[in-house]
> 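Attaching a single structure in C-alpha cells format; questions to follow.
Everything numeric here is computed off the predicted structure, so don't read it as measured data. Proteins get letters first, then strands, A, B, ... in listed order; numbering begins at 1 in each.
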Amino acid sequence: MPELPEVETVVRSLEQHLAGLAVTAVDLFMPEVIRSPKPEQFTEQITGKQFQKKLGRRGKYLLMHLSEGLALVVHLRMTGRLIYCDPELPLEKHTHVIFHLDNGKQLRFADVRRFGRLQLVPAIEVSGLAGIKDMGPEPLDPEFSREFLKKELRRRRTRIKSLLLDQCFVAGLGNIYADEALYRAKIHPERLAPDLTTREAAGLHKAIVEVIAGGIEHRGTSFRDYVDGEGRTGSFQHHLKVYNREGLPCSRCGRPIERIKLAGRSSYYCPACQKPK
DNA sequence: CCCGGCGCCTGAGGGC
DNA sequence: TGCCCTCAGGCGCCGG
C-alpha cells in the first residue's frame with residue numbers, strides 16, 4: 001500500500017532520527033528479503049556505516065544514503081514497514097531485519113507478506129537500478145508537466161488507469177491515488193489514454209498533483225497496514241472520495257460509487273461523474 | 001516492443 | 001465453530 005505519499009512520510013519521519021547514527025550490528029532473520037548483495041556481505045558491508053543527514057526517495061523507493069558512498073535502497077511493496085524504535089519495544093510478528101544503532105535504538109524492517117526488498121549498493125549506482133532506471137518523472141517535479149502528460153497519453157495505447165499505475169509513466173502512483181486522481185479529473189478508468197482530450201489531460205495533471213500533495217500533507221493513507229517510521233498512522237483515508245467506497249454516495253452527485261476489476265485490481269469510480277464515453 | 005495476466009505471500013473477512 | 005474461498009496490490013516475469 002505504501003505509495004509515494006506514504007514513502008515520503010516514512011522518509012521524513014526516519015530522517016530526523018537516523019541522521020548521523022551508525023549501524024553497530026544487524027540481525028537478519030529472513031535473508032530472502034535482501035535483494036543484493038548476498039546476506040553475509042550485506043550484513044558485513046553495512047555494519048559500521050553511518051546514515052547521512054538526508055534520506056531520499058524515488059517513486060516508491062526509499063534511498064537511505066550511508067557513509068563511504070553506500071546506499072540502502074528499500075521497497076516496502078504492500079505491507080513493508082521501517083520502524084525506528086527502542087530495543088524494548090516488543091518484536092512485531094514478521095520482523096525480518098533489525099539494524100542496531102550506536103545510540104542504543106533500532107531500525108526494524110517488518111513485512112507480513114514478504115514482498116518488500118532491501119538492497120545495499122554504491123550510491124552512484126542507484127539511478128541505474130532495475131525499477132529505478134526507467135522510472136518516469138516525480139509527479140511533483142516540473143518535469144511532470146501538462147505537456148509531458150499529454151504527449152505520453154498519445155504515445156501509449158492502454159487504458160488510463162493502467163497507465164497511471166505504470167511507474168515508467170509517472171513515479172509513485174498506486175491503486176489508491178490513481179483512482180482518486182481519476183475521480184477528481186472526472187475520467188473513467190477504462191478510457192483509452194490517447195482518447196483523452198487536451199482539456200481532460202490538463203485536468204488529470206492537476207488532479208494527480210493535488211492528490212499526491214494532499215496525501216503527503218496528511219501523512220499518507222492508513223487504510224490497512226501503513227504506518228510511518230515512528231509507527232504512526234496517516235489521515236488521508238478520511239479524504240478519499242472513491243477508493244474502498246463501493247456503494248457509498250459520490251460526494252459530488254450522490255450516486256453510489258461502483259467497483260470494477262481492471263488489470264487484476266479493483267477500480268473505484270462514480271458512474272455518473274466518470275462516464276465511459 | 002508493448003500490453004495483459006499471473007505468481008509471490010499472509011491475514012482478514014464473508015458464506016455456509 | 002471451523003473451513004474454504006476471495007481479496008488486498010506492487011512489481012518481476014512471461015507469453016501472445
> Is there a side-chain contact between A/Lys93 and the phosphate of B/dG11, meaning an N or O under 4.0 Å from OP1 or OP2?
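So the side chain of A/Lys93 is within the cut-off, an N or O lying under 4.0 Å from OP1 or OP2 of B/dG11.
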> Is there a donor and acceptor pair closer than 3.5 Å between the side chain of A/Arg114 and the base of B/dC9?
no
> Hey, do the aromatic rings of A/Phe51 and A/His65 have their centres closer than 6.0 Å?
no
> Would you indicate, yes or no, if C/dA8 has its OP1 or OP2 atom less than 4.0 angstrom from a side-chain nitrogen or oxygen of A/Arg259?
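Indeed, a polar side-chain atom of A/Arg259 lies that close.
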> Side-chain N or O of A/Lys161 less than 4.0 angstrom from OP1 or OP2 on B/dG4?
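Answer is no, no contact under 4.0 Å.
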> Taking only the side-chain heavy atoms of A/Asn175 (C-beta and beyond), determine which of B/dT10, C/dG10, C/dC7 contains the nearest atom.
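Nearest listed nucleotide: C/dG10.
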> Each nucleotide in nucleotides 11-16 of chain C should get exactly one letter: B, S or -. Can you fill that in based on protein heavy atoms under 4.0 Å?
BS----
> A/Leu262 has an atom CG; how far is it from atom C1' of B/dG4, in whole Å?
11 Å
> For DNA chain C, determine which residues of residues 230-237 of chain A have any heavy atom closer than 4.0 angstrom to one of its atoms, and list them numerically.
none
> Would A/Ile46 end up clustered with A/Val74 when hydrophobic side chains under 4.5 Å apart are linked, directly or stepwise?
yes
> With P as the reference atom in both, quote the distance from B/dC9 to C/dC13 in angstrom, rounded to an integer.
14 Å
> Please measure how far the P atom in C/dC5 lies from the corresponding atom in B/dG7, and state the result in whole Å.
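So the two P atoms sit 16 Å from each other.
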> Would you kindly give the CG-to-C1' distance between A/Asn244 and B/dA12, to the nearest whole Å?
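My rounded result for the distance is 13 Å.
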> When you measure from the side-chain N and O atoms of A/Arg156 to the phosphate of B/dC3, is any distance below 4.0 Å, counting only OP1 and OP2?
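So the side chain of A/Arg156 is within the cut-off, an N or O lying under 4.0 Å from OP1 or OP2 of B/dC3.
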> Students often get this wrong, so: under 4.0 angstrom with heavy atoms, is A/Arg117 touching a base, only sugar-phosphate, or nothing?
nothing
> Can you see whether A/Asp111 engages A/Thr79 through a side-chain donor-acceptor pair at a distance of less than 3.5 angstrom?
yes
> Roughly how many Å is it from OH in A/Tyr226 to P in B/dG11, rounded to a whole number?
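That distance rounds to 22 Å.
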> I want to check one thing: is the phosphate of C/dA8, taken as OP1 and OP2, less than 4.0 Å away from some side-chain N or O of A/Ser266?
yes
> Which nucleotide in the set B/dG11, C/dC7, B/dG4 lies at the smallest distance from any side-chain heavy atom of A/His94?
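Of B/dG11, C/dC7, B/dG4, B/dG11 is nearest to the side chain of A/His94.
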> Do A/Val170 and A/Ile216 belong to the same hydrophobic cluster, where Ile, Leu, Val, Met, Phe, Trp and Tyr are linked whenever their side-chain heavy atoms lie under 4.5 Å apart, directly or via other members?
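Yes; A/Ile216 is reachable from A/Val170 via cluster members.
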> Which residue pairs satisfy the ring pair (Phe, Tyr, Trp, His ring centres under 6.0 Å) criterion with at least one member in residues 130-175 of chain A, sequence neighbours excluded?
A/Phe144-A/His205
> Considering only side-chain heavy atoms of A/Glu3, which listed nucleotide, C/dG10, B/dG4, B/dC3, is closest?
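For the A/Glu3 side chain, the nearest candidate turns out to be C/dG10.
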> A/Glu246 CD to B/dG14 P: how many Å, rounded?
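The distance from CD of A/Glu246 to P of B/dG14 comes to 13 Å, rounded to the nearest Å.
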> With A/Lys206, which residues qualify under side chain to side chain donor-acceptor pair (under 3.5 Å), at least two apart?
A/Glu210
> Does the A/Gln167 side chain pair with the main chain of A/Gly59, one donor and one acceptor, at a distance under 3.5 Å?
no
> So that I can tick it off, tell me whether A/Arg81 and A/Glu92 are bridged by a salt bridge, with the cut-off set at under 4.0 angstrom between side-chain N and carboxylate O.
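Salt bridge flag = yes for A/Arg81 with A/Glu92.
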> Ring centres of A/His96 and A/Phe29 under 6.0 Å apart?
no
> Could you state the atom-to-atom distance from CG of A/Asp111 to P of B/dC9 in whole Å?
11 Å
> Could you pull out every donor-acceptor pair under 3.5 Å between side chains of residues 247-256 of chain A and any protein atom, sequence neighbours left out?
| residue | atom | partner | partner atom | Å |
| --- | --- | --- | --- | --- |
| A/Ser251 | OG | A/Tyr183 | OH | 3.1 |
| A/Arg252 | NH1 | A/Tyr183 | O | 3.4 |
| A/Arg252 | NH2 | A/Tyr183 | O | 2.8 |

> Roughly, in whole Å, what's the span from OH in A/Tyr177 to C1' in C/dG10?
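Going from OH in A/Tyr177 over to C1' in C/dG10 covers 15 Å.
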> For Watson-Crick and G-U wobble pairs within 3.5 Å on both distances, what is DNA chain C written in dot-bracket notation, | included for inter-strand pairing?
.|||||||.|||||||
> Do A/Phe236 and A/Tyr226 have ring centres separated by under 6.0 Å?
no
> Starting from C1' on B/dG4, measure out to CZ on A/Arg157 and report it in whole angstrom.
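Rounding to the nearest Å, CZ of A/Arg157 and C1' of B/dG4 are 15 Å apart.
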> For the pair made of CG in A/Asp179 and P in C/dG10, what is the distance, rounded to whole Å?
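Distance, rounded to whole Å: 10 Å.
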> Can you find a side chain N or O atom of A/Thr79 that sits less than 4.0 Å from OP1 or OP2 on B/dG11?
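The answer is no; no side-chain N or O of A/Thr79 sits under 4.0 Å from OP1 or OP2.
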> Do the non-hydrogen side-chain atoms of A/Lys261 and A/Ser266 ever get within less than 4.5 Å of each other?
yes
> Would the number of heavy atoms belonging to other residues, nucleotides or ligands and lying under 6.0 Å from NZ of A/Lys241 be above 12?
no
